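Being a predicted model, the structure only gives us computed values, none of them experimental. Values below: every heavy atom of this structure, side chains too, minus hydrogens, waters and symmetry copies.
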Amino acid sequence: MERLPGFNVANVLEKRRLLIAINCIAALSIFFFGYDQGMMGGVNNAKDYIDLMGFGYVDPVTEEPIVTNSLLQGGIVSVYYLGTLFGCLLGGWIGDKVGRIKTIAVARAVNGIGTGILNAIVPVWATETAEHTSRGQFIAIEFTLNIFGVVVAYWLEFGLSFIGNGNSAIRWRFPIAFQIIPLLVLLGAVWFFPESPRWLVKVGRDEEARYILHRLRGTTGDDAKRADLEYHDIRNIVQLESRESKQNSYYHMFFGIGSGELHTGRRVQLVIWLQIIQEWVGIAGVTICRHRRNALRKKLENTWLTYFFSADAPTIFRIAGFDTIKSQWISGLNNIFYMFATLICVFTLDRIGRRWTLYWGAVGQGIAMFLAGAFSRLGQNATRDGNLSQANSYGAAAASFVFIFTSVFGATWLTVPWLYPAEIFPLQVRAKGNAWGVFGWSIGNGWLTLLCPVMFNAIGENTLHIFGACNFLAIPVVWALYPESNQRTLEEMDLLFAAHTPWVWDAEKTFARLKAEQPDLIAAAKKGERVLDPEAGILAHHENAESPTHEETFGKSSQ
């Protein structure tokens, strides 16, 4: 094949320029994920919206929204997460059936469901086109755009709050309608981008896949040879997976039925729980509760628990002594700082790996949670003793540690639980596998949306100590159960999960043995490249390898 039919950016761009173009479209999709989340925070504070929905009122003196029907308000928000839950499963099924591009194009029919579809398919498309040496970097950039979406939503709604003294319907209607034009741009543009070459090989469109791989990796010299090796690796794995597993429904995947040595069920459990753990390290406690905080306001009156609802940062800064406008400005700047914190992951994720990113993130987040809880208790004691000046100082310190937590989270745990599911699944069910990760995220969010207000009401600032403990408990869980995917090709993941036990040390031993026994099975990753040892951090040079042809890898692993 000399070129793709019609106009396609792959006919014009190649190598890194083509990868950047693909990731711009992917980032635009993920941008709307962040925008949707950030948008609802402002919508829920708009007087006209509150009056229309009937779940509360706005205090005429403080101009604070007061929720009188928390079940209705929480239900409205929960419907969004319910939509993402069903949308991700639908997106995974469609993505494996009709391809990545068509799935992205039809994703935004309904908010929530469309978000779930995009979250299931966009990371898969991005990982399947990126090189294994920079796969994490591109996904991290996309999630910087995710937080940029939150920033855009916040500042847009902040500006609209000055129209009609914040009482106008435009304050909430325009942010919702604002998405339409960029979404039409996404819908129109995505058709001109190349399909995933791995999905094309899976469905038998080999010539098209080979052409796109050459455009992605290079069309001349060593680049072309490396693209050919990658193509043959993909074909080998497609043949191996089709022999090893015949049953690929969500039901079979969840329970690991019929997946043989691919151990798909184990991978499903890993990605679901990684997303749930992501919520339990504390991010849910400092973001989700914004939708329920006013329902608790009377019960939490004269306490300092509102310091921990950092998604409602203006309240935190008002308690610390700033006026309303200044509090909103500082909160907006904090969101921008959070966005830039996510850039740290762009430069570190492919250097230190997924596991070490989670390790240092858990340590930093755990310390921040414990200190935020401690300063909260000191603030409450100072309030009780009538020392308001000291209480304000402790409160500001508590808020600062929550913001430190948010920054560390943005640099670590924000990205990895979204990247890992897109990396580790077999090609034949990769979109469905990533959908299981989004399923876990929806479960984690929905679970803690209901549980956080109960915890804060029952045990106060000790809720943050629980989140702090969860961070440190996450370290041995990751160490024991989550093999390193960094600097490994997507085709190597089947070998990485071929061990008969779930332990990382067995996974690494089995992987090393299979690679030694079948050196020609996966060759593209070792074509004269300097590859980072994921555990020891040692760079090693690998010699050229011939195209792989062996078909009995798992047979040897079972002997």
Side-chain angles (χ1 to χ4, degrees), residues 1 3-4 7-31 95 99-101 103-105 118 121-146 148 185-186 189-201 208-231 233-234 342-343 345-351 354 415 418-420 422-423 427 430-431 434 485-493 524-525 527 529-532:
M1 178 177 287
R3 59 181 288 116
L4 296 175
F7 177 78
N8 194 292
V9 294
N11 294 328
V12 180
L13 305 176
E14 67 173 320
K15 299 180 70 173
R16 190 167 182 84
R17 290 190 300 169
L18 178 56
L19 280 171
I20 291 174
I22 289 173
N23 279 272
C24 284
I25 290 294
L28 180 60
S29 303
I30 299 299
F31 165 85
R100 309 340 184 189
I101 294 296
T103 306
I104 294 172
L118 286 179
I121 204 65
V122 169
V124 171
W125 183 48
T127 59
E128 289 183 338
T129 53
E131 294 193 73
H132 69 283
T133 54
S134 58
R135 197 167 56 224
Q137 180 185 60
F138 280 112
I139 297 296
I141 291 173
E142 289 173 16
F143 279 90
T144 298
L145 268 292
N146 170 259
F148 179 62
V185 172
L186 175 62
V190 72
W191 298 104
F192 303 106
F193 281 77
E195 181 57 85
S196 161
R198 287 171 166 83
W199 182 82
L200 291 171
V201 173
E208 190 176 348
R210 198 164 191 163
Y211 174 82
I212 292 173
L213 272 173
H214 277 94
R215 299 301 296 179
L216 287 167
R217 309 293 180 247
T219 56
T220 59
D222 288 340
D223 289 337
K225 293 177 182 178
R226 186 157 55 92
D228 287 333
L229 286 175
E230 188 172 351
Y231 166 74
D233 286 356
I234 298 169
T342 65
L343 290 173
C345 205
V346 173
F347 299 103
T348 61
L349 191 53
D350 287 322
R351 294 178 180 272
R354 289 41 162 165
T415 300
W418 291 98
L419 169 62
Y420 202 73
E423 292 182 307
L427 172 57
R430 186 165 293 137
N434 193 57
S485 59
N486 184 38
Q487 301 298 318
R488 285 169 168 156
T489 67
L490 298 179
E491 287 65 52
E492 290 179 299
M493 297 303 164
K527 173 78 174 159
E529 292 183 0
R530 289 165 59 82
V531 179
L532 179 69

#### Entry: Side-chain (Gln487) to main-chain (Asp350) donor-acceptor, under 3.5 angstrom
yes

## Note on the structure
Nearest heavy-atom contact between Leu216 and Thr129 is CD1-O, 3.8 Å

### Message
Donor-acceptor check, side chain of Thr103 to backbone of Gly99, threshold 3.5 angstrom: yes or no?
### Response
yes

### Task
Could you pull out all residues at least two apart from Thr127 that satisfy side chain to side chain donor-acceptor pair (under 3.5 Å)?
none

### Query
Are Leu490 and His132 close enough, and set up right, to give a side chain to side chain contact (heavy atoms under 4.5 Å, CB included), and what steps lead you there?
CA-CA 7 Å; Leu490 298 179; His132 69 283; over 6 Å; no

### Ala227 to Gly218 - nearest heavy-atom pair and separation
CB-O, 4.5 Å

### Query
What's the verdict on side chain to side chain contact (heavy atoms under 4.5 Å, CB included) for Arg226 and Leu229, showing C-alpha distance, side-chain angles and the deciding distance?
CA-CA 5 Å; Arg226 186 157 55 92; Leu229 286 175; 5.6 Å; no

### Task
Supply the atom-to-atom distance Ile234 CD1 to Glu491 CD, rounded to the nearest 0.5 angstrom.
4.5 Å

Which donor-acceptor pairs under 3.5 Å do side chains of residues 190-197 form with protein atoms, sequence neighbours excluded?
from	atom 1	to	atom 2	distance (Å)
Trp191	NE1	Leu187	O	3.1
Glu195	OE1	Arg100	N	3.1
Glu195	OE1	Ile101	N	3.3
Glu195	OE2	Arg100	N	3.0
Ser196	OG	Glu128	OE1	2.5
Ser196	OG	Arg198	N	3.3
Ser196	OG	Trp199	N	3.3

### Query
Under a 4.5 Å cut-off applied to non-hydrogen side-chain atoms, are Leu118 and Ile30 in contact?
no

### Spatial distance of atom CD (Glu423) from atom CZ (Arg430) [nearest 0.5 Å]
9.5 Å

### Under the side chain to side chain donor-acceptor pair (under 3.5 Å) test, residues paired with Tyr211 that sit two or more places apart
Asn11

### Residues which pass ring pair (Phe, Tyr, Trp, His ring centres under 6.0 Å) with Phe143, listed by chain and number, not counting sequence neighbours
Trp418

### Query
Does a side chain donor of either His214 or Asp228 reach within less than 3.5 Å of an acceptor in the other side chain?
yes

### Task
Over all heavy atoms of both residues, which pair between Ala422 and Asn434 is shortest? Give the atoms and the distance, please.
N-OD1, 3.3 Å

### Task
May I have the step-by-step check of side chain to side chain contact (heavy atoms under 4.5 Å, CB included) for Val346 and Thr144, ending in yes or no?
CA-CA 9 Å; Val346 173; Thr144 298; 4.1 Å; yes

### Task
Please list, chain by chain and in numerical order, all residues satisfying side chain to side chain donor-acceptor pair (under 3.5 Å) with Asn8, sequence neighbours excluded.
none

### Task
Apply side chain to side chain contact (heavy atoms under 4.5 Å, CB included) to the pair Val9 and Leu18, showing each step before the final yes or no.
CA-CA 7 Å; Val9 294; Leu18 178 56; 3.9 Å; yes

### Query
Which heavy atom in Glu230 sits nearest to a heavy atom in Arg217, and how many Å separate them?
OE1-NE, 2.7 Å

### Summary
With sequence neighbours left out, the residues meeting ring pair (Phe, Tyr, Trp, His ring centres under 6.0 Å) with Phe138 are none

### Message
Going by salt bridge (charged side-chain N to carboxylate O under 4.0 Å, His left out), name the residues that satisfy it together with Glu14, two or more places apart in sequence or in a different chain.
### Response
none

### Message
Determine whether a donor-acceptor pair (N or O, by modelled atom type, separation under 3.5 Å) exists between the side chain of Thr489 and the backbone of Glu492.
### Response
yes

### Task
Could you tell me which non-hydrogen atom of Arg354 sits nearest to which non-hydrogen atom of Gly136, and how far apart they are?
NH2-N, 3.7 Å

### Message
Tell me every residue that passes side chain to side chain contact (heavy atoms under 4.5 Å, CB included) with Arg17, counting only those two or more places apart in sequence or in another chain.
### Response
Leu13

### Message
To check you understand the geometry: which heavy-atom pair defines the closest contact between Ala126 and Ile139, and what is its length?
### Response
CB-CD1, 3.6 Å

### Task
With sequence neighbours excluded, tell me which residues meet side chain to side chain donor-acceptor pair (under 3.5 Å) with Thr415.
none

